[in-house]
*Asks:* 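One structure coming up, written as structure tokens, with questions to follow.
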There are 2 protein chains.
Amino acid sequence: MTEASERFARMHAALRDRICLLDYTPGTRLSEAELATEFKTSRTPVRRVLARLEDEGLVQTRHGIGTIVTDANIRTMAQTYELRMELAQLAGQLSPRPVRPADLQRLDALCRQTEALVIRPDPRAFAVLNMHLHQFLTSLTSNAALCQVSDRLYYQTARIWLLAIPDLDLLSEVQIFAAEIWQIHTALSTGDLRAVGLLRRAHISMSFKRLGGF
Amino acid sequence: MTEASERFARMHAALRDRICLLDYTPGTRLSEAELATEFKTSRTPVRRVLARLEDEGLVQTRHGIGTIVTDANIRTMAQTYELRMELAQLAGQLSPRPVRPADLQRLDALCRQTEALVIRPDPRAFAVLNMHLHQFLTSLTSNAALCQVSDRLYYQTARIWLLAIPDLDLLSEVQIFAAEIWQIHTALSTGDLRAVGLLRRAHISMSFKRLGGF
DNA sequence: ACACCATGAATTGCGTACAAAATACGCAGA
DNA sequence: TCTGCGTATTTTGTACGCAATTCATGGTGT
């Protein structure tokens, strides 16, 4: 990994997270010049990052207007959700890798953070935790192609829950998540990755329903 | 679709096809300057296209060296093949769209071209036909996300067969393909998209075995 | 008062010059 | 002859100026 590609990865991850955590809400206009100043570079590398984000469907760039954060709603994302469900199940079947003690420790840590969240709920902290759980689960499959695809689809849909939280009960959502992550913990501690995949699929499906996707 | 994005799409499709049809064999170095001259533009738009191709795994760019067409072999692509199989089956289940007469006509045309190929086999023409079949089949699902993902994975693995053809019997491969496309035609004429997906999965699986992927 | 046009400001797209990096090659020395 | 170093060459990465495009705004005519 060269220096240039490291900076690219940093900028890309930073902007992607800001979009998915609603630091940039849909409709926000991202100025190439401002980003270039912030990251202490010229517009050229910034444009590479924005082009990639556009390919990933997180922004849309139009000549003479600007680069605008795309909208995300459950209706247009229904198909993406559907696919994510299938892939989550698949991740438990396709070339799983052996579960190591370090994996369980990582999941333990996530469980503890979730319980802290039940005591003091916070939408953004919740979204971050959800993202970490996703990253952890994708790390459990050794199928690199599946990881890439799942990641891509996850980041496309990640914002929807955070956008819908005003219409939901935050504490209730956190409690549901806490129950889910404990179920996953139980399945993983027995080494049953297939069950982990099925649980994950079920949870995605239920959250889709709660979000009004029918 | 603006003019700039159209040119981008043209250049991207052109280079992608050249790579997948082995006009650019693995290891070929693509010169930004040469491509800029060919497409009558500057290096800037060319670099955008190459960056995208790199994201898709078809080339790799290294500072001071050049942009090199990546290698593709059945061993490193085994996981991608596995995922493609599952997605092919999924395409028959997830939000299928009604089959129109125009679809059957299009498949008819492909069948005729295949029969012409049986009489006069040609590796490149075969690869082109295979690509058209793929594009036709992805057009049958209305799940846009699934289409995008399937496309991406297809182009990552498309070269493998063409690279392996010296070790295979071309006529035999063409005949197998002819049988496959007729089976798909039969299934599609009854409107059974689920069967189409299962057939496609079976064919991908068998071609994977023939290519030595076990 | 309202509609319409022109003009200016802001933004992305492109082209080009230069910097950074890696390789190829020649030459000197052992 | 072989090894090692330095330099020239080639290539990608970055910065910046300018062109192209869009929108807002104000002015003008009816």
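Keep in mind that what you see is a predicted model, and the values were worked out from it rather than measured. Lettering of chains follows the sequences in order, A, B, ..., and the numbering in each one begins at 1.
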*Asks:* How many Å lie between CE on Met11(B) and C1' on dC14(C), as a whole number?
*Replies:* 12 Å

*Asks:* Just how far, in rounded Å, is C1' of dT12(D) from CD of Glu54(B)?
*Replies:* 11 Å

*Asks:* Under 4.0 Å: is that the gap between some side-chain N or O of Thr41(A) and OP1 or OP2 of dA15(D)?
*Replies:* yes

*Asks:* Cys20(A) and Tyr155(A): which non-hydrogen atoms are nearest, and at how many Å?
*Replies:* SG-O, 3.5 Å

*Asks:* Regarding Thr2(A), tell me which of base, sugar-phosphate or nothing describes its non-hydrogen contacts under 4.0 Å with the strands shown.
*Replies:* nothing

*Asks:* Is it true that, when you exclude Arg62(A) itself, more than 12 heavy atoms of the residues, nucleotides or ligands shown sit nearer than 6.0 Å to its CZ?
*Replies:* no

*Asks:* Would you indicate what Thr44(B) reaches in the nucleic acid, counting non-hydrogen atoms under 4.0 angstrom: base, sugar-phosphate, or nothing?
*Replies:* base

*Asks:* Let me know which of Asn73(A), Asp71(A), Thr70(A) forms a side-chain hydrogen bond (donor to acceptor under 3.5 Å, both in side chains) with Arg159(A).
*Replies:* Thr70(A)

*Asks:* On the side chain of His63(B), is there an atom forming a donor-acceptor pair with the base of dT12(D) - under 3.5 Å, no angle test?
*Replies:* yes

*Asks:* In whole angstrom, give the distance that lies between atom CG of Leu35(B) and atom P of dG15(C).
*Replies:* 14 Å

*Asks:* Between dG15(C), dT14(D), dG13(C), which nucleotide has the shortest distance from any of its atoms to the side chain of Ser42(A)?
*Replies:* dT14(D)

*Asks:* Need to verify one output field. Residue with the more 5' nearest nucleotide on DNA chain D, Gly64(A) or Arg48(A)?
*Replies:* Arg48(A)

*Asks:* For DNA chain C, whose closest nucleotide is more 5', that of Glu3(A) or that of Ile65(A)?
*Replies:* Ile65(A)

*Asks:* Take atom CZ of Phe39(A) and atom C1' of dT14(D), then tell me their distance rounded to the nearest Å.
*Replies:* 17 Å

*Asks:* With respect to the side chain of Arg47(B), which nucleotide from dT12(D), dG15(C), dT22(D) is positioned closest?
*Replies:* dT12(D)

*Asks:* Has Arg43(A) got a side-chain N or O lying under 4.0 Å from the OP1 or OP2 atom of dA15(D)?
*Replies:* no

*Asks:* Under 4.0 Å, counting only non-hydrogen atoms across every strand here, what does Ile68(A) touch: a base, just sugar-phosphate, or nothing?
*Replies:* nothing

*Asks:* Determine the contact category for Arg29(B): base if any of its heavy atoms lies under 4.0 Å from a base atom, sugar-phosphate if only primed atoms, P, OP1 or OP2 are that close, otherwise nothing.
*Replies:* sugar-phosphate

*Asks:* Check every atom of dG13(C), dG15(C), dG13(D) against the side chain of Ala4(B) and return the nucleotide holding the closest atom.
*Replies:* dG13(C)

*Asks:* Atom NZ of Lys40(A) and atom C1' of dA15(D): how far apart are they, to the nearest Å?
*Replies:* 17 Å

*Asks:* Figure out the CG/P separation between Leu50(A) and dT12(C), and round it to whole Å.
*Replies:* 8 Å

*Asks:* From CG of Leu30(A) over to C1' of dA10(C), roughly how many Å is that when rounded to an integer?
*Replies:* 16 Å

*Asks:* Using whole Å, report how far CD of Glu32(A) lies from P of dT21(D).
*Replies:* 17 Å

*Asks:* Would you find more than 12 non-hydrogen atoms of other residues, nucleotides or ligands less than 6.0 Å from Glu38(A) atom CD?
*Replies:* yes

*Asks:* Report yes or no: do Arg84(A) and Ser150(A) form a side-chain donor-acceptor pair below 3.5 Å?
*Replies:* no

